[in-house]
Amino acid sequence: MHAPTDPTVHTHEATGSAIVTRFAPSPTGFLHIGGARTALFNWLFARKAGGKYLLRIEDTDRERSTQPAVDAILAGLAWLGLEADGPPTFQFTRAARHQEAATSLVASGGAYHCYLSKEEESALKEEARAKGLAFRSPWRDPDYGTPPTGASYVTRLRAPSDNTIIEVMDKVQGRVVTAGREIDDFILLRSDHTPTYMLAVVVDDHDMGVTHIIRGDDHLTNAARQSVLIKAFGWPVPVYAHIPLIHGDDGKKLSKRHGALGVDEYRRMGYLPEAMRAYLLRLGWSKGDLDIVSTDEALALFDLEGLGRSPARLDFVKMGSVNAHFIRLADDTRLMELLREQASQSGIDLSAIPDVILKAALPYLKPRAQTLPDLLDQLQFILAKRPITLDEKASKALSSEAIERIRRLRGELSLLIVWQHDEIKGSLDRFAGEENIGIGKIGPAVRAALTGGLAAPDLAVTMQLLGKQETLGRLDDII
RNA sequence: GGCCCCUUCGUCUAUCGGUUAGGACGCCUGAUUUUCAAUCAGGAAAGACGGGUUCGACUCCCGUAGGGGCUGCCA
């Protein structure tokens, strides 16, 4: 796993090597919307460049990592269609490699064993903080003393001297400089010799050949620490792009109340994965005036330059309109299947609607829906059982005069042989002509009789979808 | 406390020193109309604040305010 390293090469950008990105969530909870966006950016960037997008599960915290969380993350990514190139790496399985790396760093002087007790350590930390300095352990000095026999120790990075300038070139944030005095002697190996996050990311990113790291800007200051470690190993520093975190609609940190939900929740709410991708893409990335960008387009257009520097707020209203856009584009057969799934999940019985009717209805229903549940709502007029329950407005529309007209219209309709939209429409128009009225005079009443006030498409379409028998039956019920 | 990042219509954003500051969602008005919508035509709506630099700043610099992050034997 030890890749040969050219010491003259400092960043992957300079090498022009094939691009490798990664998404590295820790399995301590579901895959939330921010993580999904980070994964999307990494996926797009790698795929556009013909490189690789890898997945790594950062499970070095054994206390907080759970299998259900791993499953949720994997399921969420699969739903979003963000397949990794290769199986996920589980960080914990690489602990031996991390220990080996730390040991080599101790040998080369980049790290050291620290025998401070917890009490001594917190006292020194307090002291350093009061002075405005980063924590350094006295054990960094090789001549500090002889280690107490049998005492436990942690392995720490030997941070650079105070006046060293650590420079991180970030594709989003620009050049970020940190003084050496800001870098603490952070822990590489805990007293039980398990690796910490700081060590594990650096070693794994190197071993996995990661060239570009796109991640949340909560890691921006970590990038300085990590680059010190990377240089201590003599490895090339990856290209960084630290993207601002997503905020809630009040500009505050994203919380459950704001929609910091698992992506499975969005699925349950009836959003389409391609809509999620398009919405998430535009949260922090732009290209001129482009608004809704399909995944195919994004695969051709995505770049690091388009990443924004300020945090974006989650807006369910906009998300709804993006979803509406993709519902209109969605294939009817696929939509039908999704709808049946959605229905069974929310306890709605769609079995009364055969596939042919459902599929025929979709083109008329799609333009007025934002989510799958919206579509389900619009199917209610078909599901309604005779006799139809009339809401207040509907019963008002059914004056005695209107009912007389419906009686005559029913006669006309019953003569129709072909029960298709055009024929029904023709019959309706003919009837209006005969009665010497506009369709507006009879339409609301017919609609009321047919739907009881539920939303439904154009009358002729509604009748076609209901079928001749059901249509005439519903009319009979009010005559 | 220290250090770092951010700040254009309500929201997502364009602008990379010279624009009537553009687009999208939402909102308002009108048209259409057989329900709910959809659609079409208009409209209102922004450079956090204060200093500089410059012939000229949304754009560059400094400060203030607000928001966020790191400062863990969490990631």
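Labels below follow one simple rule: chain letters A, B, ... track the order of the sequence lines, proteins then strands, and each chain is numbered from 1.
A/Lys441 comes within contact range of no nucleotide atom at all, as no heavy-atom separation falls under 4.0 Å. Counting non-hydrogen atoms under 4.0 angstrom, A/Leu454 reaches a base of the nucleic acid. Residue contacts shown for A/Pro25 are absent, as no nucleic acid heavy atom lies under 4.0 Å away. Base contact: A/Thr221 has a heavy atom under 4.0 Å from a base atom. If you check every strand for non-hydrogen atoms under 4.0 Å, A/Thr178 touches nothing. At a threshold of 4.0 angstrom between heavy atoms, the contacts of A/Lys131 with the nucleic acid are absent. Base contact: A/Asn222 has a heavy atom under 4.0 Å from a base atom. Within 4.0 Å (heavy atoms only), A/Asp458 reaches at least one base atom of the nucleic acid. Within 4.0 Å of A/Val154, counting heavy atoms only, lies at least one base atom of the nucleic acid.
Under 4.0 angstrom from either OP1 or OP2 of B/rG26 there lies no side-chain N or O belonging to A/Ser321.
The side chain of A/Arg328 sits closest to B/rA38 out of B/rU34, B/rG72, B/rA38. Distance from the side chain of A/Asp184 is smallest to B/rU71 among B/rU71, B/rC3, B/rA75. Distances from the side chain of A/Met198 to the nucleotides B/rA38, B/rA75, B/rU71 place B/rA75 closest.
Among all heavy-atom pairs drawn from A/Phe381 and A/Thr451, the shortest one is CB-CG2, 4.2 Å.
Nucleotide B/rG68 holds its P atom 12 Å from the CG atom of A/Asp217, rounded to whole Å. Nucleotide B/rC36 holds its P atom 11 Å from the CG atom of A/Asp391, rounded to whole Å. In this structure, A/His219 places its NE2 atom 11 Å from C1' of B/rC70, rounding to the nearest Å.
Between A/Asp184 and A/Lys125 there is no salt bridge, since no side-chain N of the basic residue sits under 4.0 Å from a carboxylate O of the acidic one.
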Using a cut-off of 4.0 Å between protein heavy atoms and nucleotide atoms, how would you tag nucleotides 9-16 of chain B 5' to 3' with B, S and -? --SBSS--
